[in-house]
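Quick notes on the structure that follows.
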Amino acid sequence: MVRRTSALVFLFLLAGCSGGGGGAASTYVPAPVAPPIAPPRTLQSTFKHVIMIVQENRSVDNLFNGFPGADTVPYGINHTGAKVPLVPIGLGAGGDVDHSHRGWLRQYNKGKMNGFDATTSGTFFPNVPEHPAPAYGMVPRSESAPYWDMASQYTFSDRFFQSNSGPSFPAHLYLIAGGSKLVAENPTDSKWNCNSTAGATADVLDSVNTELYTGATKPCSEAQTLGDELDTANLSWRYYAPTSDATSTGGIWSAYASIPHIRFGADWARNVITPETTVLDDIAAKRLPTVSWVVPNFSNSDHAGFGSSTGPDWVAAVVNAVGTSAYWQDTAIFVTWDDWGGWYDHVAPPQLDSMGLGFRVPMIAISAYSRAQYVSHTQYEFGSLLRFIEEDFHLPTLSSSDARAATPIELFNFAAPARAFVPIATTHSAQYFRREQARVNRAPDD
């Protein structure tokens with residue numbers, strides 16, 4: 001009896017497995033396979049393009065006064081300790097404010113931050129009366145609305161310092177080379193490059209004493225630059241700027257023109273691009289390089305004393321071009337200003353070497369992964385932008401500023417999905433800047 005039952009069970013199982021006997025065939029259903037887990041997003045896997053838009057001569061207290069969450073004040077302190085209200089002075093107002101290294105020493109006043117009333121001002125538009133204390137000014141929000149829109153949508157840094165404590169020439173060198181070889185002032189010639197007149201020099205600081213000048217050098221000397229490192233890594237780059245031989249359009253800020261092996265080498269024709277509005281065409285034509293610098297002409301620069309307030313719209317035109325292109329999800333845009341322009345700022349900069357840090361300048365980090373409505377209080381400097389690029393594309397450090405600087409990783413949320421781009425509202429369109437780029441303007445004495 002036991003043997004017969006076992007045999008029947010065996011035959012039943014065999015019939016089920018074979019699908020015989022005229023019954024319905026069994027269907028094999030594989031176990032569900034879990035989808036692959038996407039690797040965590042990182043700096044290197046996110047950004048394939050980095051753009052540095054470099055504007056002119058504004059401090060945090062001057063350009064972003066009252067910005068929600070940012071450390072700004074409505075008044076300054078003068079040498080007597082009295083409070084001086086910061087009064088509205090428009091982007092297009094006449095007059096410029098001293099922002100030389102010597103001027104910085106007076107304003108900084110050994111950390112007291114009370115020498116701004118000793119600042120001198122030049123007058124380029126005599127029909128515009130100057131404020132009695134010209135450094136104590138702030139830009140009306142109505143004139144800087146596109147900047148506020150960018151900073152509100154994305155990430156604003158209120159502890160971003162110049163790596164140098166002086167004017168544009170050394171500042172722009174820091175933004176391409178991480179240093180200026182202790183050059184602290186602008187050149188004596190109207191051309192800040194390798195085509196300057198014979199005898200043109202720029203003052204050099206002592207390596208220890210921030211108040212001691214040790215001599216002068218030509219505005220044309222060799223230095224290893226980020227462009228060289230990108231060349232070595234076979235990565236593309238472009239420096240969009242006005243022509244360096246027409247200073248009235250802003251070409252004095254074309255920093256690579258003062259590096260001989262680039263000014264007189266293959267990189268000059270290939271990577272230093274004029275006019276600066278070409279960046280708009282390159283984005284539209286899908287020719288954006290890995291790393292870009294975008295330098296304005298004087299009209300669009302925010303530089304005081306030039307009678308123009310189109311700078312915010314110019315920057316917005318570049319940001320909008322990227323945001324509405326295929327580059328949006330893999331591009332980081334950093335908007336900053338090359339120096340403080342002589343304007344009041346209340347935060348004493350840490351002193352890391354004889355060149356700086358200088359005063360605060362605004363910085364906005366714009367991308368699909370920038371933290372929304374976020375104000376960072378972490379200390380950054382010009383070298384931080386170089387370090388960001390170096391870490392993104394596995395490049396070595398160039399100098400002390402990028403070696404010591406914090407990388408602005410916290411400005412981004414790589415765990416979040418990419419954000420859709422919302423265009424920045426402007427008065428002037430991108431086509432306006434394409435049409436107007438050929439204007440020739442008289443340059444203020446930077």
Indicate the ring-plane relationship of [X] and [Y], choosing parallel, tilted or perpendicular according to the 30° and 60° boundaries.
| X | Y | result |
| --- | --- | --- |
| His99 | Trp340 | perpendicular |
| Trp328 | Tyr154 | perpendicular |
| Phe67 | Phe156 | tilted |
| Phe64 | Trp337 | perpendicular |
| Phe298 | Trp253 | tilted |

Worksheet item: So, do Ile259 and His261 sit near enough that their side-chain heavy atoms are less than 4.5 Å apart?
Response: yes
Worksheet item: Looking at side-chain heavy atoms only, is the closest gap between Pro349 and Met113 below 4.5 Å?
Response: yes
Worksheet item: With respect to Tyr256, which candidate in Tyr240, Trp268, Trp237 satisfies the ring pair (Phe, Tyr, Trp, His ring centres under 6.0 Å) definition?
Response: Trp237
Discussion item. Please evaluate residues Thr210 and Gln351 with respect to the criterion side-chain hydrogen bond (donor to acceptor under 3.5 Å, both in side chains), reporting the C-alpha separation (whole Å), side-chain torsions for both, the decisive distance (0.1 Å), and the verdict.
Written reply: CA-CA 9 Å; Thr210 189; Gln351 293 307 284; 4.9 Å; no
Practice prompt. Kindly write out the residues that satisfy side chain to side chain contact (heavy atoms under 4.5 Å, CB included) with Pro396, not counting sequence neighbours, or none if the list is empty.
Written response: Glu229
Worksheet item: Going from NE2 on His346 to OG1 on Thr72, what distance comes out if it is rounded to the nearest 0.5 angstrom?
Response: 7.5 Å
Discussion item. With a 3.5 Å distance limit and no angle check, can you tell me whether Arg387 reaches the backbone of Ala405 through a side-chain donor-acceptor pair?
Written reply: yes
Worksheet item: Is Gln373 atom CD crowded by more than 12 heavy atoms from other residues, nucleotides or ligands, each under 6.0 Å away?
Response: no
Worksheet item: Would the number of heavy atoms belonging to other residues, nucleotides or ligands and lying under 6.0 Å from OH of Tyr75 be above 12?
Response: no
Discussion item. Quick test of your reading of the model: are Asp61 and Arg360 salt-bridged, counting only N-O distances below 4.0 Å?
Written reply: yes
